[in-house]
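Heads up: numbering here begins at 1 and tracks the sequence.
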Amino acid sequence: MTATPQNHQDRTGRDDRGVGPGFEPRDVPARGVVRAVIGLFAGIALSAALVAGLVVLLTPRVGPEQPQAIGDTRPGPAGPRLQVDPRRERAAVEAAAAAKLQGYRWIDGPGRRAHIPIDRAMQILATRGWPAHPAHPAPDRGQGEGRTP
């Protein structure tokens, strides 16, 4: 009969090798670590090959451009309209806006509604007051509730 060697423990719980209780005395096997690293790099290489294959498959193939006949010259698409003189163009836009705000004109035919300058409209509202809508008549100003005549 063979006896299994038993490690002798002292009062602190350490055995002959100086290892305390709950400590794993075996090392991690080197083969497992090497296999994991190789598997990681193989996975990265496989992913890169898959992406490269998809790029090749999904890239549109454009053949060589066909030469055009001399008489078949069509103009290409128009480019963006660039500002030649931004200051002059801004001044023209501001002048048009000021003329529209300060000018008189009919909006929807003669005799119906007219566009007048803002200053003149404010003067008319100050003298005449806000016009009452026919569906909602203006309240009687002299006999309001809570006011004394």
Side-chain angles (χ1 to χ4, degrees), residues 1-126 128-139 145-146:
M1 202 158 135
T2 60
T4 58
Q6 296 288 329
N7 292 335
H8 176 62
Q9 294 183 352
D10 60 4
R11 285 181 278 174
T12 61
R14 297 180 182 267
D15 61 7
D16 295 338
R17 295 173 297 188
V19 178
F23 178 77
E24 178 65 43
R26 295 182 301 156
D27 288 334
V28 176
R31 283 186 180 158
V33 173
V34 170
R35 286 180 181 161
V37 169
I38 290 173
L40 178 68
F41 284 112
I44 292 172
L46 182 65
S47 298
L50 180 68
V51 169
L54 287 174
V55 167
V56 168
L57 286 175
L58 298 177
T59 302
R61 288 172 176 63
V62 179
E65 205 171 300
Q66 298 293 329
Q68 293 182 352
I70 294 176
D72 189 26
T73 56
R74 296 181 204 129
R81 293 181 44 183
L82 302 177
Q83 288 184 326
V84 177
D85 188 4
R87 289 185 181 161
R88 184 170 38 105
E89 291 177 18
R90 179 178 178 176
V93 168
E94 288 176 353
K100 188 174 182 180
L101 288 175
Q102 299 301 324
Y104 291 88
R105 64 183 170 93
W106 291 108
I107 293 177
D108 56 357
R112 296 205 59 208
R113 292 191 320 174
H115 175 82
I116 62 173
I118 294 173
D119 294 334
R120 179 67 182 134
M122 289 172 45
Q123 289 173 356
I124 292 171
L125 280 176
R128 294 185 193 169
W130 193 262
H133 193 273
H136 305 288
E145 292 181 8

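Screening residues 90-106 for side-chain hydrogen bond (donor to acceptor under 3.5 Å, both in side chains), with sequence neighbours left out, gives R90-E94.
Considering only residues two or more places apart in sequence or on other chains, L58 meets the side-chain contact (heavy atoms from CB on, under 4.5 Å) condition with none of them. Applying the side-chain contact (heavy atoms from CB on, under 4.5 Å) criterion to R87, with sequence neighbours excluded, gives D85.
Of the inter-residue distances, the one linking H115 atom NE2 with I107 atom CD1 reads 7.0 Å to the nearest 0.5 angstrom.
No option in L125, I118, I124 other than I118 meets the side-chain contact (heavy atoms from CB on, under 4.5 Å) test with M122.
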Quiz: residues 28-55 side-chain donor-acceptor pairs under 3.5 angstrom, not counting sequence neighbours:
unit_1: S47; atom_1: OG; unit_2: G43; atom_2: O; d: 3.0

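Taking each heavy atom of E89 and V84 in turn, the nearest pair found is OE2-N, 3.6 Å.
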